[in-house]
Q: 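Take a look at this one; I'll ask things after.
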Amino acid sequence: MSFKSVPVSILTGFLGAGKTTLLNHIIKENPNTKFAIIENEYGEINIDSELVIKTDENIFELSNGCICCSLNGDLFEVLNKLVTGKFDYDHLIIETTGIADPSAVAGTFLTDYNIQTAFKLDGTICLVDVENILDVLGTDEEAAKQVLFADFIIFNKCEGVEDDILKNVEDTIKKINPFANYCFTDFAKVDSKELLDLKAYTKEKTQFKLGYNISKQSNIFNVNPLQNQHHQIVSQSFIFENSFDLLKIRHYFTVMLMIQGAWFYRIKGIIYIEGLNRKLIIQSVKGAPVFTDGDNWAEDEVRCSKIVFIGKQLKREVLEKGLNQCIYKT
Ligand SMILES: Nc1nc2c(ncn2[C@@H]2O[C@H](COP(=O)(O)OP(=O)(O)OP(=O)(O)O)[C@@H](O)[C@H]2O)c(=O)[nH]1
């Protein structure tokens, strides 16, 4: 049983804003800190945990739902496991889904007496994709909740964005949340020492932030009971055991996003390509796909592809048919 009060940082930000990129940056910048990481993915399969750089961190996955609503019970279970198990860690980082309301996650640490004894919420960090945020704020209220609740805002993906657009984004975000500290960057390169030591949740500030009275006895399952709807945002996850044809799959994603890109908020996948010893990573954030090399397949690893689509009005059978056409054929 651990009796130390471990600091907790919550990473929030809309789909594809750069949360996993920040997480990897934090891990790299702090080799002497042992992190426990909770990865929540809005799909049945968890891609992010495989995209986090491999160290000896303790990584826990919460998939198939959003941490701020249906998965709150699972979060509670992982926290119990961390407290009662033989895990060695100095700091807990929770990467929420891109559509999570971080106040509900923070509430877990502020309303449950046992959890409060073991963990100390340090702060909520929100990634803002400066290229997409204005569009997203207009259509998805989750994005505004994330900005509103943040203690530190990272304006990410700034390279090449014109100054007047940046200024517009900054003004808009400051209107939503004038209290957070913030910085502008690319690939989430920030001073992580400062980020992990925000000390944002003093008792007085907490009550103000959450907007409701905190009772030591309240039950975490009752936090924000009405906010378990994420509009029409759906996720469709696929696992394929057969290998894909490199040219066909690249062509499929490029053309599909060109024609129907508006419906897709986020695509990420780890793809098994015939003839390649490396995994192929596909990423798309409201736009053209980006393909990068992943790690080599380990000798004992079962090769398969995992692909998650998140967006509106996504038809599973159509996606499945398209992907099936890209399977490698001899
Ligand atoms: N050009 C550019 N790409 C970036 C930057 N930061 C992150 N990316 C890329 O944007 C994509 C999404 O980044 P992630 O870190 O996975 O975003 P995320 O917020 O964790 O995504 P979800 O968990 O799906 O919501 C990846 O392909 C990143 O490499 C940046 O500053 N500039």
Side-chain angles (χ1 to χ4, degrees), residues 9-28 37-53 59 61-68 71 93-102 105 124-133 136 140 142-143 145-147 150 152-161 165-166 169 182-190 192 195 230 233-237 253 257 261 264-271 279-294 306-311 314:
S9 303
I10 298 173
L11 305 189
T12 186
F14 205 69
L15 295 161
K19 298 178 291 297
T20 308
T21 307
L22 174 65
L23 184 56
N24 281 331
H25 171 71
I26 290 174
I27 293 170
K28 274 195 224 150
I37 294 162
I38 299 180
E39 278 287 354
N40 179 214
E41 193 107 55
Y42 191 58
E44 289 150 18
I45 52 175
N46 200 307
I47 304 270
D48 278 355
S49 54
E50 294 198 40
L51 298 179
V52 174
I53 48 178
I59 301 185
E61 299 175 6
L62 301 178
S63 297
N64 200 16
C66 185
I67 199 168
C68 75
L71 276 188
I93 301 183
I94 303 180
E95 181 184 342
T96 64
T97 71
I99 50 175
D101 174 358
V105 183
T124 304
I125 301 155
C126 179
L127 274 294
V128 164
D129 177 341
V130 294
E131 290 169 354
N132 287 330
I133 189 71
V136 165
D140 294 278
E142 287 82 4
K145 286 184 195 160
Q146 294 165 352
V147 168
F152 196 103
I153 295 172
I154 299 173
F155 291 93
N156 196 33
K157 308 195 184 182
C158 292
E159 197 189 344
V161 178
I165 296 178
L166 281 183
V169 170
Y182 59 91
C183 70
F184 293 84
T185 190
D186 288 294
F187 290 98
K189 291 206 178 75
V190 286
S192 60
L195 272 194
H230 287 300
I233 298 179
V234 294
S235 78
Q236 298 288 358
S237 306
F253 278 113
L257 283 168
F264 293 91
Y265 282 32
R266 186 79 172 99
I267 300 174
K268 51 190 161 182
I270 295 168
I271 303 180
K279 299 168 186 175
L280 179 77
I281 311 290
I282 175 182
Q283 297 263 17
S284 160
V285 183
K286 276 206 153 202
V290 176
F291 296 93
T292 50
D293 287 338
K306 298 174 182 175
I307 306 169
V308 176
F309 298 84
I310 301 173
L314 305 184

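Because the structure is predicted, anything quoted here is derived from the model rather than measured. Because only heavy atoms are used, hydrogens play no part in the values below, and waters and symmetry mates are left out as well, while side chains stay in. Every number for a ligand or one of its atoms is a count from 1 in the order of the listing.
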Q: Just to verify, what does Lys157 make a salt bridge (charged side-chain N to carboxylate O under 4.0 Å, His left out) with, not counting sequence neighbours?
A: Asp129
Q: Report yes or no: does Lys19 contribute a side-chain atom to a donor-acceptor pair with the main-chain N or O of Gly13 at less than 3.5 Å?
A: yes
Q: Kindly indicate whether the side chain of Tyr265, heavy atoms from C-beta on, has any atom under 4.5 Å from the side chain of Lys286.
A: yes
Q: Scan side-chain atoms only and decide if Glu95 and Thr20 contain a donor-acceptor pair under the 3.5 Å cut-off.
A: yes
Q: Do other residues, nucleotides or ligands put more than 12 heavy atoms under 6.0 Å from the NZ atom of Lys306?
A: no
Q: Any heavy-atom pair between the side chains of Leu23 and Glu39 that's under 4.5 Å?
A: yes
Q: Where does ligand 1 get N/O contacts under 3.5 Å from the protein, atom by atom?
A:
| residue | atom | partner | partner atom | Å |
| --- | --- | --- | --- | --- |
| ligand 1 | 6 (N) | Asn156 | ND2 | 3.2 |
| ligand 1 | 10 (O) | Lys157 | NZ | 3.2 |
| ligand 1 | 15 (O) | Thr20 | N | 3.3 |
| ligand 1 | 15 (O) | Thr21 | N | 2.8 |
| ligand 1 | 15 (O) | Thr21 | OG1 | 2.5 |
| ligand 1 | 16 (O) | Arg266 | NH2 | 2.9 |
| ligand 1 | 17 (O) | Gly18 | N | 3.1 |
| ligand 1 | 19 (O) | Ala17 | N | 3.1 |
| ligand 1 | 19 (O) | Gly18 | N | 2.9 |
| ligand 1 | 19 (O) | Lys19 | N | 2.9 |
| ligand 1 | 19 (O) | Lys19 | NZ | 2.8 |
| ligand 1 | 20 (O) | Lys19 | N | 3.3 |
| ligand 1 | 20 (O) | Thr20 | N | 2.8 |
| ligand 1 | 20 (O) | Thr20 | OG1 | 2.8 |
| ligand 1 | 20 (O) | Glu95 | OE2 | 3.2 |
| ligand 1 | 21 (O) | Gly16 | N | 3.1 |
| ligand 1 | 21 (O) | Arg266 | NE | 3.2 |
| ligand 1 | 21 (O) | Arg266 | NH2 | 3.2 |
| ligand 1 | 23 (O) | Asp48 | OD2 | 3.1 |
| ligand 1 | 23 (O) | Glu95 | OE2 | 3.4 |
| ligand 1 | 23 (O) | Lys268 | NZ | 3.0 |
| ligand 1 | 24 (O) | Arg266 | NE | 2.6 |
| ligand 1 | 24 (O) | Arg266 | NH2 | 3.4 |
| ligand 1 | 24 (O) | Lys268 | NZ | 2.5 |
| ligand 1 | 25 (O) | Gly16 | N | 3.0 |
| ligand 1 | 25 (O) | Lys19 | NZ | 2.8 |
| ligand 1 | 31 (O) | Asn156 | OD1 | 3.4 |
| ligand 1 | 31 (O) | Lys157 | N | 3.3 |
| ligand 1 | 31 (O) | Phe187 | N | 2.5 |

